[in-house]
K.L.:
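Encoded as structure tokens, here's the structure I'll be asking about.
Fair warning: this is a prediction, and the values are worked out from it, not measured in the lab. Both counts, for ligands and for their atoms, begin at 1 and track the order of listing.
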Amino acid sequence: MHTIAVAGGGLSGLVAARRLAESGNDVTLFEERAALGGRVRSRQVDGFTCDRGFQVLFDAYPAVRRELDLEALSLRSFAPGGVICRPGKRSTLSDPLRDPGALLPSALSREVSLADKLRTLRLRRRLTSGDWPEFDAPDRSIREYLREAGFSERFVENFAAPLYGGITLDRSLSTSANVFEYTFRAMSLGNIVVPAAGMGAIPAQLADRAREAGVDERTGAAVDDVDAAGDGVRLAVEGADREFDAAVVATDPPTAHELTGVESIPTEGAGVVTQQYRLPGPELDAGTRIMLNAGSEAPNTVAQLSAVAPEYGDGSDDALLAASFVDDGVQDRAADELAAQTREALSSWYPERDVSGLEPIATDRIPFAQFAQPPGTHARLPAVDDPPGSVYLAGDYTRWSSIQGALESGRRAAAAVTADLDG
Ligand SMILES: Cc1cc2nc3c(=O)[nH]c(=O)nc-3n(C[C@H](O)[C@H](O)[C@H](O)COP(=O)(O)OP(=O)(O)OC[C@H]3O[C@@H](n4cnc5c(N)ncnc54)[C@H](O)[C@@H]3O)c2cc1C
């Protein structure tokens, strides 16, 4: 049996800790915050379930299927595609192969040409055949990728920019096309979902499993220093030195960069501000489809979470809406101004509806939600065993910025530690 420390209790640290404990090691997990889960968290506000920032799970992700008991999460699904919204106009665009009910409205939608719809089907066929991409193809931006595939400017601006602006937190579509290919495949093969109890149910399940495997979990315990010393590792935790046979650094990327000195760990972030609202009922006819703002940048998307997961609601007819903002300067925008922008957008999309009662109940400003992923990023990311000695890395920043990347990194880090320690 080896003694192993895991620094950071986000998704990656929880998976690494559980797997190492299951292999018979004595594992201590140090998390600086009072709660586990890292970037994936939920809380109750006025009877509503509010995730910290609008975030979703793609249930086709291979690591999601491997690491989570999806049935126990009671998943609730969004309808595929989205409603393209602009002043006075709403138009459904879906995946006719997964959502035959939306075939007619999608076919009739004039926001995107028939040629673009056929290109989407061709792309779908190509990206769903073969294995999951390894992020090693020659890279370019999502915008260049879509142009090369022949998509029109109208498709890019009206549909891809708000949809992928929401996924990559970069509406200019300058993010790596690797992220597009992986997520497009995931959306073609599976559903976009949230657990009935909120996204925080994901780390809660991983934490339960880690505890069952015997992980000693210390919350409110920040790791201040990691030093590969001789055969082992010395950690400074809350002013005291602790010795372990090995350590996995599974913090956010800037902290991992600081603790390990590994230069290839990215430190630039992509941010988002999500504001959530109570909207007096009845719910909007977008239903469980994400509303994509084709008319302006702010908000980028609006999702009616209580329609997707009634459990997110407060038990009344009122709807819970989450608006995400990714445009420049949004981190400094006042909450009142954000609410006014959402009210203005909704009343222009739904002129028949009085949305003056839209009431903000939570505003999350998250400057570092993902690490920035311009083209070429993934080829430069560190390997889990890059640090010297018995120090290892886990975290989305060793793969790509996503739940898939974080879960997969935890598995790989645990495998690397086990291979080195057990020979
Ligand atoms: C608003 C938002 C929306 C997102 N949307 C999606 C989405 O829809 N789909 C998707 O796949 N991904 C999404 N992501 C990205 C995804 O959540 C992350 O990629 C993933 O959760 C990262 O997990 P991680 O374990 O690598 O890191 P983190 O979650 O950052 O975990 C690191 C942990 O280390 C702890 N820590 C830091 N420093 C120390 C220290 N010195 N000592 C001890 N502990 C420390 C932190 O408190 C934290 O708990 C979103 C993220 C955000 C914030």
K.L.:
Could you tell me the residue and atom name of the protein heavy atom closest to atom 24 (P) of ligand 1, and the distance to it rounded to 0.1 Å?
P.N.:
S12 OG, 3.6 Å

K.L.:
Is there any N or O on I403 that sits under 3.5 Å from an N or O of ligand 1?
P.N.:
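Yes: some nitrogen or oxygen of I403 is under 3.5 Å from one in ligand 1.
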
K.L.:
I need the atoms of ligand 1 closer than 4.0 Å to a non-hydrogen atom of R52, numbered in the order shown.
P.N.:
1 (C)

K.L.:
Can you find a non-hydrogen atom of F58 under 4.0 Å from ligand 1?
P.N.:
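Per 4.0 Å heavy-atom rule, F58 does not contact ligand 1.
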
K.L.:
As a check for students: among G37, G53, S402, identify the option with a heavy atom nearest to atom 16 (C) of ligand 1.
P.N.:
S402

K.L.:
Any idea how Y145 and F180 line up, ring-wise: parallel (<30°), tilted (30 to 60°), or perpendicular (>60°)?
P.N.:
tilted

K.L.:
Classify the side-chain pair N293/R86 by whether it contains a donor and acceptor separated by less than 3.5 Å.
P.N.:
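No, no side-chain donor-acceptor contact under 3.5 Å.
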
K.L.:
Regarding D170 and Y164, do their side chains bring together a donor and an acceptor under 3.5 Å, going by distance alone?
P.N.:
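Side-chain D/A pair, D170 to Y164: absent.
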
K.L.:
Quick one: nearest non-hydrogen protein atom to atom 30 (O) of ligand 1, plus distance?
P.N.:
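Going by distance alone, atom 30 (O) of ligand 1 is nearest to R39 NE, 2.8 Å.
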
K.L.:
In terms of side-chain heavy atoms, does S141 have a donor or acceptor partner in E144 at a distance below 3.5 Å?
P.N.:
yes

K.L.:
Hey, does A250 sit under 4.0 Å from ligand 1 if you only count heavy atoms?
P.N.:
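Heavy atoms of A250 do come under 4.0 Å of ligand 1.
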
K.L.:
Does G13, backbone or side chain, put an N or O under 3.5 Å from an N or O of ligand 1?
P.N.:
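Looking only at distances, the answer is no, because the N/O contact criterion of under 3.5 Å is not met.
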
K.L.:
Decide whether D396 and S401 meet the rule of one side-chain donor and one side-chain acceptor closer than 3.5 Å.
P.N.:
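A pair is found: one side chain offers a donor N or O, the other an acceptor, under 3.5 Å apart.
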
K.L.:
Assess, by modelled atom type and distance only, whether the side chains of Q304 and R289 contain a donor and an acceptor separated by less than 3.5 Å.
P.N.:
no

K.L.:
Should the proximity of Y397 to ligand 1, defined as any heavy atom under 4.0 Å, be assigned to the side chain, the backbone, both, or neither?
P.N.:
neither

K.L.:
How does V223 reach ligand 1, by side chain, by backbone, by both or by neither, if only non-hydrogen atoms under 4.0 Å count?
P.N.:
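For V223, the contact with ligand 1 is made by both the backbone and the side chain.
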
K.L.:
Name the closest protein heavy atom to atom 5 (N) of ligand 1, giving the residue it belongs to and the distance to 0.1 Å.
P.N.:
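Atom 5 (N) of ligand 1 sits closest to the protein heavy atom Q55 CB, 3.2 Å.
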
K.L.:
Classify the side-chain pair S316/D314 by whether it contains a donor and acceptor separated by less than 3.5 Å.
P.N.:
yes

K.L.:
Could you identify the single nearest non-hydrogen protein atom to atom 52 (C) of ligand 1 and state the distance to 0.1 Å?
P.N.:
A369 CB, 3.6 Å

K.L.:
Within a reach of under 6.0 Å around CD of E268, are more than 12 heavy atoms found that belong to other residues, nucleotides or ligands?
P.N.:
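For E268, atom CD is not crowded (no more than 12 foreign heavy atoms under 6.0 Å).
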
K.L.:
Any idea which protein heavy atom is nearest atom 31 (O) of ligand 1, and the distance to it?
P.N.:
G10 CA, 3.5 Å

K.L.:
Suppose we measure from atom 21 (O) of ligand 1 to each protein heavy atom; which comes out shortest, and what is that distance?
P.N.:
V40 CG2, 3.5 Å

K.L.:
Going by the atom numbers of ligand 1, which of them fall below 4.0 Å from some non-hydrogen atom of F54?
P.N.:
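Under 4.0 Å from F54, ligand 1 has these atoms: 3 (C).
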
K.L.:
Compute the shortest N/O to N/O distance between E32 and ligand 1 and return yes if it is under 3.5 Å, no if not.
P.N.:
yes

K.L.:
Can you spot which of D422, D26, N25 makes a side-chain hydrogen bond (donor to acceptor under 3.5 Å, both in side chains) with H2?
P.N.:
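Of D422, D26, N25, side-chain hydrogen bond (donor to acceptor under 3.5 Å, both in side chains) with H2 is met by D422 alone.
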
K.L.:
Would you confirm whether R143, through its side chain, and S172, through its main-chain N or O, come within 3.5 Å as a donor-acceptor pair?
P.N.:
yes

K.L.:
Taking S176 as the fixed residue, which of T168, T377, D139 is the one that meets the side-chain hydrogen bond (donor to acceptor under 3.5 Å, both in side chains) rule?
P.N.:
D139

K.L.:
Quiz question: by atom type and distance under 3.5 Å, do the side chains of D252 and Y397 form a donor-acceptor pair?
P.N.:
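Note: D252 and Y397 side chains miss the donor-acceptor criterion.
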
K.L.:
Please report whether ligand 1 has a polar contact with D396, defined as an N or O pair separated by less than 3.5 Å (distance criterion only).
P.N.:
yes

K.L.:
Measure D252 to ligand 1 on non-hydrogen atoms and call it side chain, backbone, both or neither using the 4.0 Å cut-off.
P.N.:
both

K.L.:
Which ligand 1 atoms are under 4.0 Å away from a heavy-atom of R33?
P.N.:
47 (O)

K.L.:
Taking distance alone, with no angle check, do V56 and ligand 1 share an N/O pair under 3.5 Å?
P.N.:
yes

K.L.:
Check this for me, if you would: do E67 and R209 make a salt bridge, where the nitrogen-to-carboxylate-oxygen distance has to be below 4.0 angstrom?
P.N.:
no

K.L.:
Among all protein heavy atoms in this structure, tell me which lies nearest to atom 39 (C) of ligand 1, with the distance rounded to 0.1 Å.
P.N.:
T251 CG2, 3.6 Å

K.L.:
When you look for heavy atoms under 4.0 Å from ligand 1, do you find them on the side chain of V272, its backbone, both, or neither?
P.N.:
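For V272, the contact with ligand 1 is made by the side chain alone.
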
K.L.:
Less than 4.5 Å apart, side chain to side chain, heavy atoms only: is that true for V273 and I366?
P.N.:
no

K.L.:
What protein heavy atom sits nearest atom 49 (O) of ligand 1, and how far off is it?
P.N.:
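Nearest protein contact, heavy atoms only, for atom 49 (O) of ligand 1 is E31 OE1, 2.5 Å.
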
K.L.:
Does Y61, backbone or side chain, put an N or O under 3.5 Å from an N or O of ligand 1?
P.N.:
no

